[in-house]
Trainee: 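Questions regarding the structure given below will be posed in turn.
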Amino acid sequence: MAARTRGPAPRRAPDDAALRRGAALAAPLAHWYARHARDLPWRHDDCSPWGVLVSEVMLQQTPVVRVLPVWTTWMERWPTPADLADAGPGAAVRAWGRLGYPRRALRLVDAATAIRDHHGGEVPSDEEALRSLPGIGEYTAAAVAAFAFGQRAVVVDTNIRRVQARAVSGRALPAPSYTAAERALATALLPAGAAESVRWNISTMELGALVCTARNPACGQCPLVDPCAWVAAGSPQDDGPPRRGQAWAGTDRQARGRIVQALRDADGPLSREQVLTASGATEMQAERCLSGLLEDGLAEGDDHTGYTLPT
DNA sequence: TAAGCGTGGCA
DNA sequence: TTGCCAAGCTT
């Protein structure tokens, strides 16, 4: 690409004022993190890249407190990717317990298998290689590169989006979906040095999790209250479109969850009748959900053998 | 791009 | 109680 020496700035470039605000955040953030960070096992120096990867997948849409016991058991049982790959999907879905989104367990097994077969059994450190693994998207690849390998990576999760929306952009909440402008801002704000960038990423995430929360942010305890653009603007309400909550009662998701729970809790195969009953749904919906679970690989079997988790 | 995909806790 | 939210990914 030709060097750009003049002309208009790129359309999505963050404005200078935002970058100046960002520059004032790193030091107080790092100081706050040193005093208030939670002691989580996947942050320990002796935690393997595999342990970090497992934690990041489990933490996708699932709170820390629920992940902690499952992660601990998981890592004792399958301390390397090869251990999980050899165990297979059924054991993984069972050990996944009630973390939710059990397809994550299947993808973790697939990722472990790819690591065993194509990466010499070692979690790759390259962000692109990570991104190509099943269940590893933009966020998780960056997080593993940063937190397991100490690399400078643009980590953007829901916490970082919210902290930067408030402290830098002066908005109550980020847009409903991740935008190119947010990615550009996070990229521009990221400190240049590897160690500094890792500290920036982890401390921003932690602040979002503990202080700059979605509801009732604890601005009185926030190290960024002084430079915060949102506080400076008077902490205005969110002016975006109303957020659409996920429907739950009566959804396929609920019925699927009940079926997988029944399969997980069963000692042996369940009959079709037992599966349909466990779903709590109408027959038509239950049939649809069972078919979906079979397609997804979260269930196995037929009317003759009965139904189980995958083997 | 938007919708589908679990589960539990909290206000 | 009901809705919102939680270290997203996939199609």
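Below, read A as the first sequence line, B as the second, and so on, with proteins coming before strands; counting in each chain starts at 1.
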Trainee: Which side-chain N or O atoms in residues 164-172 of chain A pair as donor and acceptor under 3.5 Å with protein atoms at least two apart or in another chain?
Mentor:
residue : atom : partner : partner atom : Å
R166(A) : NE   : A172(A) : O            : 2.9
R166(A) : NH1  : C212(A) : O            : 3.4
R166(A) : NH1  : T213(A) : O            : 2.8
R166(A) : NH2  : A172(A) : O            : 3.4
R166(A) : NH2  : T213(A) : O            : 3.2
R166(A) : NH2  : A214(A) : O            : 3.3
R171(A) : NH2  : D239(A) : OD1          : 3.3

Trainee: Residues from residues 82-100 of chain A sitting under 4.0 Å of DNA chain B, heavy atoms only?
Mentor: R98(A), L99(A), G100(A)
Trainee: For residues 117-166 of chain A, which residue pairs qualify under ring pair (Phe, Tyr, Trp, His ring centres under 6.0 Å), counting only residues two or more places apart or in two chains?
Mentor: none
Trainee: Who passes ring pair (Phe, Tyr, Trp, His ring centres under 6.0 Å) against W74(A), sequence neighbours left out?
Mentor: W78(A), W96(A)
Trainee: Going by the side chain to side chain donor-acceptor pair (under 3.5 Å) test, which pairs reach into residues 30-49 of chain A, not counting sequence neighbours?
Mentor: R38(A)-E206(A), D39(A)-H44(A), R43(A)-E206(A)
Trainee: Return yes if some donor-acceptor pair links the side-chain N/O of T305(A) with the main-chain N/O of G301(A) below 3.5 Å, else return no.
Mentor: no
Trainee: Let me have a per-nucleotide readout for nucleotides 2-10 of chain C, 5' to 3', with B, S or -, counting only protein heavy atoms under 4.0 Å.
Mentor: -BBSBBBSS
Trainee: For chain A and DNA chain B, what are the first and last nucleotides along the strand, 5' to 3', with at least one atom under 4.0 angstrom from a heavy atom of the protein chain?
Mentor: dC5(B) to dG9(B)
Trainee: Distance check, P atoms only: dA3(B) and dA7(C), in whole angstrom units.
Mentor: 23 Å
Trainee: Looking at R77(A) and D83(A), is there a salt bridge between them, counting it only when a charged N and a carboxylate O are closer than 4.0 Å?
Mentor: no
Trainee: Indicate yes or no: does R272(A) engage D302(A) in a salt bridge with an N to O separation below 4.0 Å.
Mentor: no
Trainee: Could you list the donor-acceptor pairs under 3.5 angstrom formed between side-chain atoms of residues 127-134 of chain A and any protein atom two or more places apart in sequence or on another chain?
Mentor:
residue : atom : partner : partner atom : Å
R131(A) : NH1  : I136(A) : O            : 3.4
S132(A) : OG   : A129(A) : O            : 2.7

Trainee: Table please: side-chain donor-acceptor pairs of residues 189-198 of chain A below 3.5 Å, with sequence neighbours left out.
Mentor:
residue : atom : partner : partner atom : Å
S197(A) : OG   : G193(A) : O            : 3.4
S197(A) : OG   : A194(A) : O            : 2.7

Trainee: Under the side chain to side chain donor-acceptor pair (under 3.5 Å) definition, can you give me all pairs with a residue in residues 141-159 of chain A, not counting sequence neighbours?
Mentor: D157(A)-N159(A), N159(A)-R162(A)
Trainee: Look at the side chain of E56(A) and the backbone N and O of V52(A), then say whether any donor-acceptor pair between them is shorter than 3.5 Å.
Mentor: no
Trainee: Partners of Q246(A) by side chain to side chain donor-acceptor pair (under 3.5 Å), sequence neighbours excluded?
Mentor: R253(A)
Trainee: Nearest-nucleotide wise, let me know which of N216(A) and R256(A) is further upstream toward the 5' end of DNA chain B.
Mentor: R256(A)
Trainee: Give the residues of residues 260-282 of chain A touching DNA chain C, defined as any heavy atom closer than 4.0 Å, sorted by residue number.
Mentor: none
